[in-house]
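All residue numbers in this chain count up from 1 along the given sequence.
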Amino acid sequence: MTNEMTNALIAALNRNDKKAVIEILKDIVERSSFSKEEKEITKTYIDLGHEIFDEVDCIKAEAECVKLCGLLEKYHNKRNK
């Protein structure tokens, strides 16, 4: 994570700008050395947490859970080959 990203994250946290924090975290994950599958799983966890704790949108949270379960199953099957 670069200093610029760290500063942006701190600024968004100080403003209590949850949507900006989420986007910055997802950008950090995207720039990481994780595999494509690991990036997608991590970003889905971030989205799921947002839907459950901030938006309290059960339909969106359920969709994120279904997506996450599918990604985890796909990742698990790929690793066990």
Q) Given the rule in the side chain to side chain contact (heavy atoms under 4.5 Å, CB included) test, do L72 and Y45 qualify, once you have shown the distances and angles that lead to the verdict? A) CA-CA 11 Å; L72 289 171; Y45 268 118; 4.0 Å; yes
Q) What residue pairs, at least two apart or across chains, pass salt bridge (Lys or Arg N to Asp or Glu O under 4.0 Å) with a residue in residues 2-17? A) R15-D17
Q. So which heavy atom on E38 is nearest to which on Y75, and how close?
A. OE2-OH, 2.9 Å
Q: Measure the spacing between CG of L71 and NZ of K67 and express it to the nearest 0.5 Å.
A: 6.5 Å
**Q.** Any residue meeting side-chain hydrogen bond (donor to acceptor under 3.5 Å, both in side chains) with K78, in chain and number order, not counting sequence neighbours
**A.** E37
Q: Supply the atom-to-atom distance C69 SG to K74 NZ, rounded to the nearest 0.5 angstrom.
A: 14.5 Å
**Q.** Close side-chain approach of H50 and L48, heavy atoms under 4.5 Å
**A.** no
Show me the donor-acceptor pairs, under 3.5 Å and distance only, between side chains in residues 21-29 and residues at least two apart or in other chains.
unit_1, atom_1, unit_2, atom_2, d
K26, NZ, D47, OD1, 3.0
K26, NZ, D47, OD2, 3.3
D27, OD1, R31, NE, 3.2
D27, OD2, R31, NE, 3.1
D27, OD2, R31, NH2, 3.4

(Q) So, taking the atom named CG in L68 and the one named OG1 in T42, what distance separates them when rounded to the nearest 0.5 Å? (A) 9.5 Å
